[in-house]
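Below you'll find the structure, written out as structure tokens, and then a few comments.
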Amino acid sequence: MAASEENSALFPIFILTIMAIPLVPYTMVKLSRAVSKKQRTIHCQCLECDRSGKYKRSLFKKISNFSTWSNLTLLLLWVVMIFLIYYTKNMSRETQVFDPFSILGLEPGVTDSEIKKAYRRLSIQYHPDKNPDPEANKYFVEFISKAYQALTDPVSRENFEKYGHPDGRQGFQMGIALPQFLLDIDGASGGILLLWIVGVCILLPLVIAVIYLSKSSKYTGNYVMHQTLSAYYYLMKPSLAPSKVMEVFTKAAEYMEIPVRRTDDEPLQKLFMSVRSELNLDLKNMKQEQAKFWKQHPAIVKTELLIQAQLTRESGVLSPALQGDFRRVLELAPRLLEELLKMAVIPRTAQGHGWLRPAVGVVELSQCIVQAVPLSARKSSGVSSEGISPFLQLPHFSDAVVKKIARKKVKSFQDLQEMRLEDRSELLTQVAGLSATDVEDIEKVLEMMPSLTVDITCETEGEEGIQEGDIVTLQAWVTLKRPNGLIGALPHAPYFPFHKEENYWVLLADSVSNNVWFSQKVSFMDEGGAITAASKAISESMEGSGAGVKETNDAVREAIEKVKGGSRLVMGKLQAPAEGTYNLTCFCLCDTWIGCDKKTSLKVKVLKRTRAGTRGLVSDEGAIAEEGMEEEDEIEEEDYDDDYESEYSEDEDDKKDMEEKRGSKKANGSVKKKESSSEESGSEEE
């Protein structure tokens, strides 16, 4: 019984240890990350972004940012740990080890007279006849009397001095740190213990495994449903126009799960009338087009109307119920658009190329959703291919303001950016009629807008020129500059209710054939990760080319400096196509800003294959002989194979044998030629 009580007392210590093992390191890592976060402001500070409330650091905002499930769980676990520490500390006081010498206030090895003297002294203080306090009586009976008996008995005293226990040497005991009610295996307690073991050891791992497998079978690594990826893959077409990307985007399975309520019919009808001009409906057959639109799946109709509410900035008229659905649609939009873009550039053709036109359309839709700009504003004008959409992402800009500044020959967004600060301020105040505060907001946004440069090369490592079937190494440095000096920043997006980081997509494509040869996503937010990736890529590339240690270190050091200066390395491999000259374009597309995309021309010349080996795909014509080797029509295919193998043979004897064979064959050939010529001369004489 005493052993079980002792084991039960150890149960809180056991739980405390199990909790502390993962909790303490996890807390230290989380605190270190919080401390290492940059305090520099990386978001737009215009009035419109301030009014959006996304970046306000109010007390409620701080509490809401802290009140995540992980933080609250962490806090709760620490509260439990503190309680267990306090309980264990008090419990250790209550379960003190029985030490008769310390109870009587004596040192080990004292005489019997000193023990009796100490007992009398404590009896005067704690004996019930001298002290009526019940606690004193309890202490005298349970501790003082037992201690005196243990020390006055010669055997008990000797055992205690030798083994630390009045009963002598104690055997090795093992127990389980469980509460006392679980250790009393009788009646209901036995069933409780059995249920506890089954629940913790069997049911809990089984439930966790079932939940994990169900989620993993339903979602991908980017938290997008497999059903959505399948729909995007089959609905994606090479000729999909940017205006038709919306129809594919809204077919996501996540949007099908948004509830459709009867009370939403009237608000959606009103929203339809306000955004009808943006739905690509045929004006000649408006009634039929409207009926066709409403015959779609209710969830698809609702999703498209809510997205149009974002594009046209009509979200303020939505009902409270639709506001929640509206936020859900926009919350899912960034990662769904990213997966839709991947479905556009995934290898589709026999050469492993993706499709350029739908990829550009997906990026344009992402830009419009983040900046809340209608797709119709992207219609190209005579000067700008982006239309007036870049202007509308600026604060306080409208169609009327764009028309006013167009009278002063500011036709494109680039014209506005390239103006001097004084001239631009004068234009916006005197011509457009904006206030000085409005102009200040516009300047803050212009200072946040990125400017991109791309330096791209394609080459075959260790070889001169690119030949058919070569494995070509693509290397591109994408450099970002902003007028305010920031590198990684959050875009100006006051109408997008969530934090959205800038992402850039590098596409190497042939605009004529609509083929994407290479694609990669680039981010400027994580400088540490970019340094690690660039260092590894440069090291592997230099080692593969046979460079020395010093050259490799210098190249890695140079790459690190470039990354710190605002550049990101993009590297990849692709296979050279058939012989010809290809006029490619490297697109660097931003998924948040409009008008910041960069196009860089790249001319790639692929030569006919003249190098032997199997480093790539060999052309259908077969291997071509090396320069300096003479082809002989008389040599048969079998002899040609022998010569091909001799190029890679290191045995000198084999080489000599091959040369002798060649010489003998040439001699035989010459003899045959002489015989045939003599026969021909004889026939002529006859």
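Side chains included, hydrogens not; waters and symmetry mates left out as well; all remaining heavy atoms used.
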Is the backbone of [Y] close enough, under 3.5 Å, to the side chain of [X] for a donor and an acceptor to pair up by distance?
X	Y	answer
S567	V563	no
S366	D591	yes
E468	E579	yes
D597	C590	yes
T228	V224	no
D470	V472	no

Can you find a heavy atom in the side chain of [X] that is under 4.5 Å from one in the side chain of [Y]?
X	Y	result
V410	M419	yes
E527	R568	yes
C458	L602	yes
I369	L311	yes
T479	L452	no
F524	E501	no
W355	T349	yes
I466	K605	no

- Item | Presence of salt bridge, R424 and E443, under 4.0 angstrom | yes

- Query: Should the pair E331-K500 be classified as a salt bridge under the 4.0 Å nitrogen-to-oxygen rule?
  - Reply: no

Reported [atom1]-to-[atom2] distance for the pair [X] and [Y], which is rounded to 0.5 angstrom:
X	Y	atom1	atom2	answer
E502	M525	CD	CE	8.0 Å
H492	E48	NE2	CD	5.5 Å
E463	I471	CD	CD1	12.5 Å

For residues [X] and [Y], report the shortest heavy-atom separation together with the two atoms involved.
X	Y	result
F391	K411	CE1-O, 4.2 Å
R482	M448	NH1-O, 2.6 Å
G469	R609	C-NH1, 4.5 Å
E247	K251	O-NZ, 2.7 Å
A476	V454	CB-CG1, 4.5 Å
P450	Y504	CG-OH, 3.3 Å

Using residues 532-539 as the side-chain source, report each donor-acceptor pair under 3.5 Å to any protein atom, sequence neighbours left out, with the distance given to one decimal.
residue	atom	partner	partner atom	Å
T532	OG1	G528	O	3.1
S535	OG	I531	O	2.7
S539	OG	S535	O	2.7

Going by atom type alone, with no hydrogens or angles, which donor-acceptor pairs under 3.5 Å involve a side-chain atom of residues 336-344 and a protein atom two or more places apart or on another chain?
residue	atom	partner	partner atom	Å
E338	OE1	K521	NZ	3.2
E338	OE2	K521	NZ	3.2
E339	OE2	N222	ND2	2.9

- Residue pairs meeting side-chain hydrogen bond (donor to acceptor under 3.5 Å, both in side chains), one or both in residues 507-518, sequence neighbours left out, come to D510-S513, S513-N515

- Task: Kindly indicate whether a cation-pi arrangement holds for R348 with Y233, taking the cut-offs as under 6.0 Å to the six-membered ring centre and within 45° of the axis.
- Result: yes

- Only one of I594, T592, V370, V445 passes side chain to side chain contact (heavy atoms under 4.5 Å, CB included) with Q393, and that residue is I594

- Between Q367 and Q371, a side-chain donor and acceptor under 3.5 Å: no

